Amino acid sequence: MPENLQISDTYSLHRGAKIPRLGFGCYLIPDGKETLQAVNTALEAGYRHFDTAAFYGNEASLGKAVRESGIPREKIFVTTKLWNSDHGYEKALRAFDTSMEKLQLDYLDLYLIHWPVPGKRRDSWKALEKLQAEGRVRSIGVSNYMEPHLRELMAHAESAPSINQIELSPYNFLRRQREIEFCRKNKIHIQAYCPLTRGEKLGDPELEKLGRKYGKSPAQILLRWSLDQGFIPLPKSGNPQRIRENANLYDFQILPEDLAWLSNQNENLAVSWDPSGAP
Ligand SMILES: NC(=O)c1ccc[n+]([C@@H]2O[C@H](COP(=O)([O-])OP(=O)(O)OC[C@H]3O[C@@H](n4cnc5c(N)ncnc54)[C@H](OP(=O)(O)O)[C@@H]3O)[C@@H](O)[C@H]2O)c1
């Protein structure tokens, strides 16, 4: 609930690694100068946590921006993800190598299973555990895992996931209570993807009104709500002004009654792929 936060705040993951509480989403930013510029702008604005995936096709530029930033490697947190067609023990190990060749980093901070592909996800998890044991990745986790997937994983995992990355905003918060409760109970931190609803709700008159009350934009209200829930939001923008806007979240606090109002705006929104009911 409301607390004094700073952009440098972190959470501790299972093995002691620290993850910045604000991340930067890299989906749909083209590889090359767009990603380089976006990541450089984000670093200048104070972001120290970047989320990409093999599927996004921009690992090479993210890695280059991190290497050339002049910021010590250990001060930046980098995530990438195993794509659906790369599941299975051996295939996952090879996919990790491919991602690291693109990133050109000595180690990865977080490797996630992008989607709970049926029949193969258990073998893939074993591969992630091996990579973590070897120190090639500091933390491992999952994405789009619903409560039954998490229970299955916890039943066979030697190493529990540090993270579950799912779509979360006030417009689907109540729908994800089972996942949130399970993760909290098992000390799995939640990364909130599509925290800005891909723009879909940013013109909502009620949200705009709340923004005016605090002198903040609708995007900033959604992100501050996410931080105050204890989630790790991953806003994406390719626009320098909006990249800075989305990091300017630390000079105000949303009152408890307004946080509660936001939390009750559920409309089962899914602006990305929806893992509800995935086998
Ligand atoms: N694990 C998964 O399956 C999964 C799925 C989806 C997303 N993700 C991750 O989560 C990240 C965020 O999700 P997302 O990129 O889908 O959606 P999002 O962050 O909710 O929204 C991004 C959209 O909002 C616009 N935007 C950003 N800041 C804004 C602002 N202040 N005011 C108005 N519009 C703004 C962006 O346009 P501009 O770029 O033009 O500013 C873009 O169109 C992704 O980049 C990715 O890293 C993961």
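For ligands, and for the atoms within them, numbers begin at 1 and follow the listed sequence. None of these values were measured; they are calculated from a predicted model.
Relative to the ring axis of Tyr171, Lys201 places its NZ or CZ within 45° and under 6.0 Å from the centre.
Of the listed residues (Leu62, Thr79, Ile232), just one forms a side-chain contact (heavy atoms from CB on, under 4.5 Å) with Asp51, and that residue is Thr79. Each of Arg21, Lys187, Lys18, His189 was checked for a side chain to side chain donor-acceptor pair (under 3.5 Å) with Tyr11, and the lone residue meeting it is Arg21. A salt bridge (charged side-chain N to carboxylate O under 4.0 Å, His left out) with Asp109 is found for exactly one of Arg73, Arg48, Arg138, Arg136, namely Arg73.
Considering backbone and side-chain N/O atoms, Glu245 comes within less than 3.5 Å of an N/O atom of ligand 1. For ligand 1, the polar-atom distance check against Gly238 finds a nitrogen or oxygen pair separated by under 3.5 Å. Checking only distances, Leu196 does come within under 3.5 Å of ligand 1, N or O to N or O. Considering backbone and side-chain atoms alike, Ser272 places every N or O at 3.5 Å or more from each N or O of ligand 1.
Only the backbone of Cys26 comes within 4.0 Å of ligand 1, judged by heavy-atom distances. Of the heavy atoms in Leu112, none comes closer than 4.0 Å to ligand 1. Contacts with ligand 1 closer than 4.0 Å are made by side-chain heavy atoms of Ser143 only, the backbone lying farther away. By the criterion of a heavy-atom distance under 4.0 Å, both the backbone and the side chain of Cys194 are placed next to ligand 1. When heavy-atom distances to ligand 1 are checked against a 4.0 Å cut-off, Arg198 comes that close through both its backbone and its side chain. Residue contacts with ligand 1, taken as heavy atom pairs separated by less than 4.0 Å, involve Asn246 solely via side-chain atoms from C-beta onward. With a heavy-atom cut-off of 4.0 Å, Ile29 does not touch ligand 1 at all. By the criterion of a heavy-atom distance under 4.0 Å, the side chain of Trp273, and not its backbone, is placed next to ligand 1. Heavy atoms of Lys236 found under 4.0 angstrom from ligand 1 belong to the backbone as well as the side chain.
At least one donor-acceptor pair closer than 3.5 Å links the side chain of Gln104 to the backbone N or O of Glu101.
Atom 3 (O) of ligand 1 is flagged as protein-proximal [any protein heavy atom, distance under 4.0 Å].
Taking a 4.0 Å cut-off on heavy atoms, Phe24 fails to register as neighbouring ligand 1. Assignment of Tyr56 to the shell around ligand 1 is supported, since a heavy atom sits closer than 4.0 Å.
Looking at atom 10 (O) of ligand 1, its nearest protein heavy atom turns out to be Tyr193 CB, 3.2 Å.
Between Arg242, Glu34, Arg244, it is Arg242 that holds the heavy atom closest to atom 29 (C) of ligand 1.
Of all atoms in ligand 1, listed by their number and element, those nearer than 4.0 Å to a heavy atom of Pro235 are 19 (O). Near Asp51, the atoms of ligand 1 lying under 4.0 angstrom from a non-hydrogen atom of the residue are 9 (C), 46 (C), 47 (O). Close approach to Gln165 involves these atoms of ligand 1, each under 4.0 Å from a residue heavy atom: 1 (N), 2 (C), 4 (C), 8 (N), 9 (C), 48 (C). Atoms of ligand 1 lying under 4.0 Å from at least one heavy atom of His114, given by number and element, are 1 (N), 2 (C), 3 (O).
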> Taking it one step at a time, do Phe77 and Phe50 satisfy ring-ring contact (aromatic ring centres under 6.0 Å, His included)?
Replying inline: CA-CA 6 Å; Phe77 191 100; Phe50 296 87; over 10 Å; no
